[in-house]
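Note that this is a predicted model, so its numbers are computed, not measured. Numbering of ligands and ligand atoms starts at 1, following listing order. All heavy atoms count here, side chains included; hydrogens, waters and symmetry mates do not.
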Amino acid sequence: MQIHTPIISETDVVRPTQVVIDLGRLTSNFHAIKQYAGSSLIMPVLKANAYGHGLIPTARLMETLGADYLGVAVLEEGLLLRQAGITMPILILGGILGNQIPHFLKNNLTLTASSIDKLAQIEKAASQLSIRAKVHLKIDTGMERIGVHYYNAEAFLLEASRHKNIDIEGIFSHFANADAADLSYAQMQLQRFKDVLGIYEKKGLKLPLIRHIANSGAILQMPESHFDMVRPGILLYGIYPTKEVRKTIDVQPALTWKSRVVYFKVVKAGHPVGYGSTWQSNHNIRTVTVPVGYGDGFFRSMTGRAEVLISGKRYPVIGRIAMDQVIVNIETDSAYNDDEVVLMGMQQGEIITCEDLADWAGTIPYEILTNINTRVPRIYQ
Ligand SMILES: Cc1ncc(COP(=O)(O)O)c(C=O)c1O
């Protein structure tokens with residue numbers, strides 16, 4: 001299969017700290033989700049730089065693989081995709097402000113309408129520009145975030161059907177707990193969504209073509225929620241949304257984060273290491289310095305817990321994680337300048353997972369992935 005040219009070729013990259021994206025893994029994850037979702041359309045969610053995997057290359061791959069829609073969070077992400085020549089349908093999932101609407105219309109971006117007032121603003125801009133607006137209605141079934149409450153949806157649906165310059169292509173909601181072991185709250189949300197959809201028949205309104213609510217958790221655990229389209233985010237990238245979620249689809253992580261040794265030294269017993277002089281050894285040790293830090297998204301909060309892989313073995317990061325560099329204790333082992341250091345991913349059969357980093361940082365895999373800074377070059381293989 002022909003994959004688009006990467007934005008950065010390996011030969012152009014001089015920084016040893018890199019994120020390597022396995023396009024084959026992204027491809028097989030996409031196919032696994034597609035097969036499980038049956039006849040439902042697929043909207044890969046590419047917000048926050050495609051969860052750190054690179055917005056444009058990931059979008060190009062998804063286009064090649066036959067994704068039906070792309071989902072992003074904010075207008076600028078949609079504009080970047082259009083500027084890169086992506087022509088497929090794009091839904092901006094987040095809230096909108098009036099002054100943004102003309103940009104949606106001029107760039108054929110699908111709007112999320114989350115109130116009667118937003119609908120009126122979209123109608124006004126669409127009529128002024130003589131461009132029909134493509135809209136998905138957002139129903140709040142239990143997140144208390146954007147969207148019209150399920151119990152107020154009737155007036156919203158009726159109002160939406162009256163606008164002359166708006167095509168209501170879709171209607172959607174979002175789960176708060178579909179990745180939990182206990183699905184009772186998610187089942188309640190699903191029932192509320194179904195009740196809202198029932199209004200169409202009750203009022204004799206035309207049902208929108210695309211009904212959607214399933215994120216990764218719901219794709220995995222609630223096939224009854226797949227409707228006309230599913231919206232996989234983290235699962236597409238090969239990571240499960242929680243530890244407890246049922247892994248009904250087999251996916252593999254697509255992202256490896258690695259660097260290289262840039263310095264070796266022996267640190268004497270009692271000589272403190274790093275900012276704040278918070279760590280020292282009671283015996284002589286060998287250390288290496290690796291050019292990655294919290295300025296790259298290697299969170300400072302992992303200090304005292306983080307490990308890295310060198311020659312297939314785990315070694316602890318010692319001293320405080322700095323903005324651009326970390327120090328690794330290799331005790332009595334040997335490592336040399338230019339040796340590969342894996343921060344996240346596999347090396348010689350040993351693995352550091354995204355979940356490991358999340359545990360060390362006291363966060364979730366989503367935050368680890370989306371915080372790998374853009375100064376870290378992405379390599380596509
Ligand atoms: C509206 C919406 N749909 C789908 C997703 C994808 O979620 P996940 O990464 O859990 O699949 C998100 C991300 O939070 C979202 O905000």
Side-chain angles (χ1 to χ4, degrees), residues 26 29-30 32-34 36-37 40-53 55 58-59 62 67-75 77-78 89-96 109-114 135-148 169-181 183 185-186 189-190 193 210-223 225-249 251 253-255 354-355 358 363-372:
L26 280 180
N29 294 343
F30 175 86
I33 295 167
K34 188 168 170 60
Y36 196 75
S40 301
L41 304 176
I42 311 254
M43 173 192 277
V45 176
L46 306 186
K47 58 193 179 143
N49 200 26
Y51 289 50
H53 293 64
L55 176 66
T58 308
M62 293 303 130
D68 302 284
Y69 230 110
L70 298 178
V72 290
V74 300
L75 171 62
E77 293 171 327
I90 300 170
L91 173 64
I92 283 61
L93 296 156
I96 55 166
L109 296 168
T110 308
L111 298 110
T112 291
S114 52
V135 163
H136 288 213
L137 303 176
K138 181 74 191 279
I139 307 298
D140 187 346
T141 53
M143 271 289 272
E144 299 298 342
R145 214 163 58 173
I146 63 165
V148 173
E169 181 193 55
I171 179 164
F172 73 111
S173 189
H174 191 51
F175 283 120
N177 299 312
D179 50 12
L183 290 174
Y185 194 81
Q189 282 194 265
L190 178 60
F193 189 54
I210 313 179
R211 300 159 296 171
H212 51 110
I213 187 169
N215 55 1
S216 293
I219 293 169
L220 289 163
Q221 304 200 104
M222 302 174 68
S225 73
H226 291 177
F227 291 101
D228 305 306
M229 185 163 77
V230 295
R231 307 192 303 259
I234 197 120
L235 195 62
L236 181 70
Y237 306 103
I239 295 182
Y240 295 94
T242 55
K243 287 177 185 157
E244 59 269 28
V245 79
R246 286 196 296 281
K247 300 181 174 63
T248 55
I249 305 176
V251 293
L255 186 152
C354 189
E355 288 85 349
T363 184
I364 54 173
Y366 293 78
E367 195 178 7
I368 298 293
L369 290 178
T370 56
N371 276 278
I372 303 177

Engineer: Please confirm whether the backbone N or O of A358 pairs with a side-chain atom of E367, one donor and one acceptor, at under 3.5 Å?
Structural biologist: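 Absent.
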
Engineer: Roughly how far, to the nearest 0.5 Å, is OG1 of T141 from CZ of F175?
Structural biologist: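 It is 7.0 Å, given to the nearest 0.5 Å.
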
Engineer: Side chain, backbone, both or neither: which part of P241 comes within less than 4.0 Å of ligand 1 when only heavy atoms are counted?
Structural biologist: neither

Engineer: Can you check whether H136's main-chain N or O pairs, donor with acceptor, with T112's side chain at less than 3.5 Å?
Structural biologist: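 No, because the side chain of T112 does not come within donor-acceptor range (under 3.5 Å) of the backbone of H136.
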
Engineer: Provide, to 0.1 Å, the distance between atom 11 (O) of ligand 1 and the closest protein heavy atom, together with that atom's residue and name.
Structural biologist: S216 OG, 2.5 Å

Engineer: For ligand 1, which is the ligand I care about here, please tell me if Y366 has any N or O atom under 3.5 Å from one of the ligand's N or O atoms.
Structural biologist: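 Such a contact does occur with ligand 1.
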
Engineer: State whether the side chain of S216 and the backbone N or O of L235 hold a donor-acceptor pair below 3.5 Å, judged by distance alone.
Structural biologist: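 Checking the backbone N and O of L235 against the side chain of S216, a donor-acceptor pair under 3.5 Å is found.
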
Engineer: Which protein heavy atom lies closest to atom 2 (C) of ligand 1, and at what distance to 0.1 Å?
Structural biologist: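 Protein heavy atom with the smallest distance to atom 2 (C) of ligand 1: H174 CE1, 3.3 Å.
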
Engineer: When you measure from the side chain of H212 to the backbone N and O of D228, does any donor-acceptor pair fall under 3.5 Å?
Structural biologist: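 Not at all, since once roles are kept as given, no pair shorter than 3.5 Å links the two residues.
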
Engineer: Mark the output for M143 as yes if a heavy-atom distance to ligand 1 is under 4.0 Å, and as no if none is.
Structural biologist: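 No, M143 has no heavy atom closer than 4.0 Å to ligand 1.
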
Engineer: As a test of understanding, state which of L91, T110, I90 forms a side-chain contact (heavy atoms from CB on, under 4.5 Å) with L70.
Structural biologist: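 It is I90, the one option of L91, T110, I90 that forms the side-chain contact (heavy atoms from CB on, under 4.5 Å) with L70.
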
Engineer: For atom 14 (O) of ligand 1, which of K47, M43, R231 has the closest heavy atom?
Structural biologist: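 Among K47, M43, R231, the closest heavy atom to atom 14 (O) of ligand 1 comes from K47.
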
Engineer: Between Y240 and V251 (side chain of the first, backbone of the second, donor and acceptor by atom type, cut-off under 3.5 Å), is there such a pair?
Structural biologist: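 Indeed, once roles are kept as given, a pair shorter than 3.5 Å links the two residues.
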
Engineer: At a 4.0 Å threshold, what atoms of ligand 1 neighbour a non-hydrogen atom of R145?
Structural biologist: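 Under 4.0 Å from R145, ligand 1 has these atoms: 16 (O).
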
Engineer: Pick one of side chain, backbone, both or neither for how K138 approaches ligand 1, counting any non-hydrogen atom pair under 4.0 Å.
Structural biologist: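 The answer is neither; K138 stays 4.0 Å or more away.
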
Engineer: At less than 4.0 angstrom from any non-hydrogen atom of Y51, what atoms of ligand 1 do you find?
Structural biologist: 6 (C), 7 (O), 8 (P), 9 (O), 13 (C)

Engineer: Hey, is the main chain of A180 close enough, under 3.5 Å, to the side chain of Q221 for a donor-acceptor pair?
Structural biologist: yes

Engineer: Report yes if G233 has an N/O atom closer than 3.5 Å to an N/O atom of ligand 1; otherwise report no.
Structural biologist: yes

Engineer: Using a 4.0 Å cut-off to any heavy atom of I234, which atoms of ligand 1 qualify?
Structural biologist: 8 (P), 9 (O), 11 (O)

